[in-house]
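This structure is a prediction, so every number in the text was calculated from the model and none was measured.
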Number of protein chains: 2
Amino acid sequence: MVTIHDVAARAGVSSATVSRFLRGQRVRSYEAIQAAIDELGYWPSAAAQSLKSGRTNTIGVVVPDITNPYFAAVVKGMESVTRTEPYRILLANSDESSEQEDDVLADLVRRVDGIILAPATEQDETPLHVRDADVPLVFVDRDLAGGERFDAVLVDNDGGGRQAAEHLLSLGHTRVAAISGNLDTTPGRLRREGFVGTLAKAGVEVPPEYDLVGDFKEHSGYQLTLSLLSLPEPPTAVFAANNLMTLGALKALHDMRIDIPGQISLIGFDDLDTGPLLRPPLTVVDRPMFEQGVLAMRLLLRRLDPGDGGGLASRVVLDTKLIERASTAPPGGHPSPARTRKTRSR
Amino acid sequence: MVTIHDVAARAGVSSATVSRFLRGQRVRSYEAIQAAIDELGYWPSAAAQSLKSGRTNTIGVVVPDITNPYFAAVVKGMESVTRTEPYRILLANSDESSEQEDDVLADLVRRVDGIILAPATEQDETPLHVRDADVPLVFVDRDLAGGERFDAVLVDNDGGGRQAAEHLLSLGHTRVAAISGNLDTTPGRLRREGFVGTLAKAGVEVPPEYDLVGDFKEHSGYQLTLSLLSLPEPPTAVFAANNLMTLGALKALHDMRIDIPGQISLIGFDDLDTGPLLRPPLTVVDRPMFEQGVLAMRLLLRRLDPGDGGGLASRVVLDTKLIERASTAPPGGHPSPARTRKTRSR
DNA sequence: AGCGTTACTGACAACGGTTTCAGTTAGCCG
DNA sequence: CGGCTAACTGAAACCGTTGTCAGTAACGCT
């Protein structure tokens, strides 16, 4: 490895002078130094710079699953901000597991200047210890119990659940099922509460056998939908609390040859790139994804700015938006005889 | 920040002893040291360790677009390998631009022990300079002209193009269009060559107005499909050379109310999670994604293993597989009168 | 010429670990 | 109890860079 001393020796100056040249200060022998750098192919060691400065110019990002298009878009938003900055992103998957999350955080605090985290559960308080290491922490998508003093970029999950419920109510559905995500995550809990609560206020109860809890992964959406279909009286509408579970639900409905929205209406949370191209085009509650990443990274970089470090926690909450497509319709839109009779007899 | 010296002072030993304890050596006063570490909340500084050891335990990964489900899956595969290792992933997007790629590589070589790269073009030789910095380099998905001496995990793009062509030929198509990706990338060039070459051998020429070149992004698939539709004699089948352009093509065909596969058959490259759920379910040339990431990371880690560093470049080429679904059919399957007449009159 | 100012320079001490080297202590044996 | 070995220890050097400090040279001015 070629060091600053090698460059200094070749240019006939001291390493201090080379260092000054590198940092843009005026230096007498800049031609010789530049020549030496080029000839030797010198690059300053990031490790040595970090040790000296105490900064790594690295941001740790921990998400549950990078193959979830939502998180991929969020990360891309973050990346678009760091592009013009000297920062890079250290990426880790927690796989929706707080053990893995804890492991990874313990490692990250030693390596990064700040962390953006979508916590696997609301309950695990370990991430708060990150603060002990004086590493600024920003939450994205999900919050933590007791995390109010941290910056966060969230969406109005409760409102999103409400929008989904209101949409189904307006279509006249009364037998409505919910496939929620882990209830110990912010979005899992709040989307369900917004959805079920809104229905309840309108006099529509969601019985236990319709009130299912998955894990935000496609497989659970598939399985839980199958279990709904096996009920003596299946629902006429299903709300799936994220993109992957919606996909799972859609697959199950296809596999069981259920007509959507004729027999069952399906509404999801989070739009997909392929949303309009699906059979049928999906009705979803949408929210800004790329933008959430951008905002979270901006918040974190502001914390890292020595001029502007302190200050109260900024908690940004973005709005959701209903996108009506063709996967929802009034109950019994394309009646399948047996089932519709039951519906009407209620 | 609490250092090893603080721990040493509190435990009443020297920092050398603490260091030995941390590295698992036997030490007389281990209780006192462990206690001091716990009470002070000590974590070793990664920067100092890197400076001393010359290793960062970080792998740089550069992909054109993390929101492309293919690359997201590849990165997840890589991550699954590093999970059980002390390594972390530094992620960067090149956005299909070799300038951004060069910038990012110049920064990465200073920070990482090795790099996995899906180069933006075959022609830019800058990545080869990475070797100057003694940073092992593994190519994934795409290759580089003159990169034969580097490890690489690729797929048989030529064979994939051939499979697509043979499928369309077997259905009887003779007016066939190709929407290729950047021809200065390995997959862009080879998929087109495999596709067009196979057709030519069967006596089916692809005229210039059917032989289009996009940039692997959705928008180009959309635009180029529109341009095909505006021809006096549109093709009866279209091959789109990656997942995003296929989606763009599908959107364009929907927007123009073209019946698939009745009026036009569509075949893509790379399967999508939503592939079977689309209107219509897409016929695609598929390939292992997660596995490609796993293999690339394993190759790189083997290079980094001091016991097993040298050795010839390993070049892994995986096979593609045709998945027949409903977006392809014989020409004129659902004849639209005007067009089919032309087809037949040929 | 003598003085003060400005512009630049190199030696050196950090930053926080790890490793070597030269002890020192404890333990064992005769 | 003396001698020998094995087990552990601390001082110090080092990794590559940056910042401080004390100079030195060049220049302009009286």
**Item:** Whole-Å gap separating C1' (dA14(C)) and CG (L51(A))
**Value:** 9 Å

**Atom-pair distance (CZ on R110(B); C1' on dG16(D)), nearest Å** = 12 Å

**Prompt:** Closest nucleotide of DNA chain C for R23(B) versus for G12(A): which of these residues is on the 5' side?
**Reply:** G12(A)

**Asked** Does S15(A) reach the main-chain N or O of H5(A) with its side chain, forming a donor-acceptor pair under 3.5 Å?
**Response** no

**Message:** Looking at dT9(C), I'd like to know if its phosphate oxygens (OP1 or OP2) sit under 4.0 Å from a side-chain N or O belonging to Y30(A).
**Reply:** no

**Asked** Has the side chain of K52(A) got a donor or acceptor that lies under 3.5 Å from a partner of the other kind on the base of dT18(D)?
**Response** yes

**Request:** Using heavy atoms to find the nearest nucleotide of DNA chain D for L22(A) and R28(A) separately, return the residue whose nucleotide is more 5′.
**Result:** L22(A)

**Item:** Residue S15(A), side-chain atoms from C-beta onward, closest of dG16(D), dG17(C), dT18(D)
**Value:** dT18(D)

**Request:** Give the rounded distance in Å between these two atoms: CZ of R111(A) and C1' of dG17(C).
**Result:** 15 Å

**Prompt:** Once you round to the nearest 0.5 Å, how far does CE of M78(A) lie from CD1 of I59(A)?
**Reply:** 10.0 Å

**Request:** Determine: side-chain N/O of T3(B) to OP1/OP2 of dG16(C), distance under 4.0 Å, yes or no.
**Result:** no

**Asked** Of the nucleotides dG16(D), dT9(C), dT9(D), which has the atom closest to the T17(B) side chain?
**Response** dT9(D)

**Message:** Distance check needed: dA26(D) P versus R26(A) CZ, whole Å only.
**Reply:** 17 Å

**Spacing of CZ belonging to R55(B) relative to OG belonging to S50(B), to within rounding of 0.5 Å** = 10.5 Å

**Complete:** Here the gap from L117(A) atom CG to L137(A) atom CG, rounded to the nearest 0.5 Å, amounts to 6.0 Å

**Asked** In whole angstrom, what separates H5(A)'s NE2 from dA11(C)'s C1'?
**Response** 12 Å

**Request:** Write down the distance between CD1 (I37(A)) and P (dT17(D)), rounded to a whole number of angstrom.
**Result:** 10 Å

**Asked** Is a side-chain donor or acceptor of D113(A) paired with a backbone partner of N57(A) at a separation under 3.5 angstrom?
**Response** yes

**Message:** I want to check one thing: is the phosphate of dG10(C), taken as OP1 and OP2, less than 4.0 Å away from some side-chain N or O of S14(A)?
**Reply:** yes

**Complete:** Of dG16(D), dT9(D), dG10(D), the nucleotide closest to the side chain of V13(B) is dG10(D)

**Item:** Separation of atom CZ in F21(B) from atom P in dT19(C), rounded to whole Å
**Value:** 17 Å

**Request:** Check whether any side-chain nitrogen or oxygen of S19(B) sits under 4.0 Å from OP1 or OP2 of dT18(C), and answer yes or no.
**Result:** yes

**Message:** For a quick test of reading the model: is some side-chain N or O of Q25(B) closer than 4.0 Å to OP1 or OP2 of dC8(D)?
**Reply:** no

**Request:** Between dT17(D), dG17(C), dC8(D), spot the one nearest the side chain of I4(B), thanks.
**Result:** dG17(C)

**N/O donor-acceptor pair, side chain R20(A) with base dG10(C), under 3.5 angstrom** = yes

